Amino acid sequence: MKMTKIFFVTLISFVFIFCAVEYCPAQVDEGKEGEDQVYRLDKVIVRDHPLKDESMVVTPDVTVINVDKFQKAGSVQNIRDILSEALGINVLRSSVTPSPTESIYIRGFDQSRFQVFKDGRPMRLMGRSGYVKTDWTTMPLDNIETIEIIRGSHSLLYPFSMGGAINIITKKGRKTDEIKPSGTATTEFGSYGAQSYSANIEGGLLNLIGYSFAGAHREGDGYLRNNDYNTDNFNARMTLFLPTGGTLTGGWDYVDNMTGYPVINDPSRADYDSSYPDVLEHKVDNFVHDPEGLVYPGGDSYWQKRTNEYSILLDQPLGPGELRAQVYQHESNRDRYWLTSGGTKKTNLDIEEKNRGVFLDYLDFELIKNHAFSIGGEYRTQGMPENKDYYEIMSGYFQDVWSVTSPLTLIWGVRYYEFHSDAYKAGFPGMKTATEADKKEYEYRRKENEWCPKVRLDYEVDPNLTLYAAVSREMRMP
């Protein structure tokens, strides 16, 4: 903990030593007459916001999707429907039924190799279990403004992003003196009892406060037997527009999802139900890709997850760059019920997770001509209510975007990781047979650290063609 305090004091001191006292006026630079405006991403990845009024723009660094303007053939119900149209993304499932199984891949990497963020805070690495797959179907689009997709491991702004990163940017209200808000309400019905209801409202007050609220309910019977689902979501953002040109946003995200496990529906069994498709017992290797394995009819077989996330985000133009700081907390509770082939009832109840974190970034400041520097760091803990810092993670980075010539750009930097976790020494007899004395004898605090340098060279042949070469080193967390 002492090292953590020293790290953040040093980081904050560095930020303010090199910042000018005056503030930048806003996030949009008007530019000279006849020139295009320059827009900054909500979480800066590239220096100019390429989106403007388009629904999707692809650059060598990032794909940015405007959710409100995005259109495709067929229904768009959740983030997964949008990601299926993005370059380098593979979506393997089209079912609307919530599922914690693997469904999104970036260039062949599954979720154990890329990271998912919401407004810059991590969503995939949760609790003592570490790697928890994101359930994309429980993320309604009503409160989402843009989606950023970073392909590859070259970005230093997102930790543990071996295969890339997806950053979901939420709506945070408008700066306006109009009292009348804007909003939408949507309802959809489909086959197998599918129905959904959603609504959102967005506005502001007195050019001082912005707000955005969204809620959704989805339910359905599912295609397979027992694969019914019932999901409720609520998202809220309140933004204070500061006189210094920055914003202070408080957020709350809530999800309550219950989904039945698809069960074996074999005609050779006495409990066969002909109104659902056949699911033969001996032709399913691992049906749900969870610890339950094969699930059988005859009783409760479902998983339920309740999640609350809270965050406070500061975004402030400061001197030659932009300061971003966030504090967040994630709490979730999961229950599982299933039956074995012999009719034995199994449960895995009250799996609680608690995650807390803080990050601080100073982005895109130009102390030397043609060099855009960024520095930052984060501290987070992951665990359970009784052991909140089972994992303790600290990292910091430095990045330089050097515009060598008009078509040539060099991006280089390094990220440092320090990783602490509870563990047992070699020779530990195992949790099932170990006594309390054994646990005390073998337990220790495991510590790891790693330096991960990254360098990328871009050459713009013309506005439609860019060649690049990159070499990166990245750390994977459990």
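Note that the coordinates shown come from a computational prediction; the quantities given were computed from them, not determined experimentally. The chain is numbered in sequence order, starting from 1.
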When rounded to the nearest 0.5 angstrom, what distance separates CG in Asp228 from CG in Asp221? 6.0 Å

Chi angles and distances behind the side chain to side chain contact (heavy atoms under 4.5 Å, CB included) call for Thr187, Gln195: CA-CA 7 Å; Thr187 181; Gln195 50 186 297; over 6 Å; no

Which distance, rounded to the nearest 0.5 Å, do you find between the NZ of Lys305 and the CG of Asp256? 11.5 Å

Any luck finding a side-chain donor-acceptor pair between Ser395 and Arg415 under 3.5 Å? yes

Passing option when Asp335 is tested against Asp300, Asn348, Asp350, Thr347 for side chain to side chain contact (heavy atoms under 4.5 Å, CB included): Asp350

Rounded to the nearest 0.5 Å, what separation is found between the OH atom of Tyr390 and the NE2 atom of His420? 14.5 Å

Do Arg456 and Lys454 touch side chain to side chain, with heavy atoms closer than 4.5 Å? no

Answer yes or no: are there more than 12 heavy-atom neighbours, outside Arg446 itself, under 6.0 Å from its atom CZ? no

If you look at every heavy atom in Arg225 and Ile264, which pair is closest and at what distance? NH1-O, 4.3 Å

For Arg324 and Leu313, run side chain to side chain contact (heavy atoms under 4.5 Å, CB included): C-alpha distance rounded to whole Å, both residues' side-chain angles, the deciding distance at 0.1 Å, then the answer. CA-CA 7 Å; Arg324 286 177 58 89; Leu313 172 64; 3.8 Å; yes

Which atom names give the shortest non-hydrogen contact between Gly164 and Phe114, and what distance separates them? O-CB, 3.3 Å

Residues Lys172, Asp315: salt bridge by 4.0 Å N-O rule: no

Around atom CZ of Phe428, are there more than 12 heavy atoms from other residues, nucleotides or ligands closer than 6.0 Å? yes

Minimum heavy-atom separation for Thr259 and Asn227, please, with both atom names. CG2-ND2, 3.9 Å

Pair Asn333-Gln304, side-chain donor/acceptor within less than 3.5 Å: no

Determine yes or no for a side-chain-to-main-chain donor-acceptor pair under 3.5 angstrom, with Thr344 supplying the side chain and Thr340 the backbone. no

Under 3.5 Å, is there a donor on one side chain and an acceptor on the other for Glu219 and Tyr197? no

Using 4.0 Å as the upper bound for N to carboxylate O, is an ion pair formed by Asp389 and Lys354? no

Which word best sums up how the rings of Tyr416 and Trp451 line up, parallel for under 30°, tilted for 30 to 60°, or perpendicular for over 60°? tilted

Distance col, row Lys425:NZ vs Glu443:CD, nearest 0.5 angstrom, shows 9.5 Å

Starting from the C-alpha separation in whole Å, work towards a yes-or-no answer on side chain to side chain contact (heavy atoms under 4.5 Å, CB included) for Tyr328 and Asp119. CA-CA 11 Å; Tyr328 61 88; Asp119 293 326; over 6 Å; no

Any donor-acceptor pair under 3.5 Å linking the side chain of Asn167 with the backbone of Gly120? yes

Of all the heavy-atom pairs spanning Leu360 and Ala325, show the shortest one and how long it is. CD1-CB, 3.7 Å

Could you tell me if the side chain of Ile166 sits less than 4.5 Å from the side chain of Gln115, heavy atoms only? no

Using only heavy-atom distances, determine whether the side chains of Asp361 and Tyr397 contain a donor-acceptor pair under 3.5 Å. yes

Which heavy atom of Arg356 sits nearest to which heavy atom of Lys388, and what is that distance? NH2-CB, 3.5 Å

Pro277 vs Leu224 side-chain heavy atoms within contact, under 4.5 Å: yes

Using a cut-off of 6.0 Å, state whether more than 12 heavy atoms not belonging to Lys439 lie near its atom NZ. yes

What I'd like to find out is whether the side chain of Asn143 reaches to under 4.5 Å of the side chain of Phe213, using heavy atoms alone. no

Are the side chains of Arg237 and Asp253 in touch, meaning some heavy atoms are under 4.5 Å apart? yes

Are the side chains of Arg336 and Tyr261 in contact, using a 4.5 Å heavy-atom criterion? yes

Do the non-hydrogen side-chain atoms of Ser161 and Glu474 ever get within less than 4.5 Å of each other? yes

Can you tell me if Asn226 uses its side chain to pair, donor with acceptor, with the backbone of Ser301 under 3.5 Å? yes

Taking atom types as modelled, find out whether Asn233 and Thr231 have a side-chain donor-acceptor pair closer than 3.5 angstrom. no

Suppose we screen for side-chain contact (heavy atoms from CB on, under 4.5 Å). Which residues come up paired with Ile312, at least two apart in sequence or across chains? Leu248

Is there side-chain contact between Asp232 and Phe234, with heavy atoms separated by less than 4.5 Å? no

Test side chain to side chain contact (heavy atoms under 4.5 Å, CB included) on Glu309 and Arg121; report intermediate values, then the result. CA-CA 11 Å; Glu309 294 181 344; Arg121 71 179 186 272; 3.2 Å; yes

Under a plain distance cut-off of 3.5 Å, with no hydrogens placed, do Ser332 and Glu353 share a side-chain donor-acceptor pair? yes

Residues Glu188 and Arg218 bridged, charged N to O under 4.0 Å: no

Under 3.5 Å side-chain donor-acceptor pair for Asp278 and Tyr272: yes

When every non-hydrogen atom of Leu157 is compared with those of Ser374, the smallest separation belongs to CD2-CB, 4.4 Å

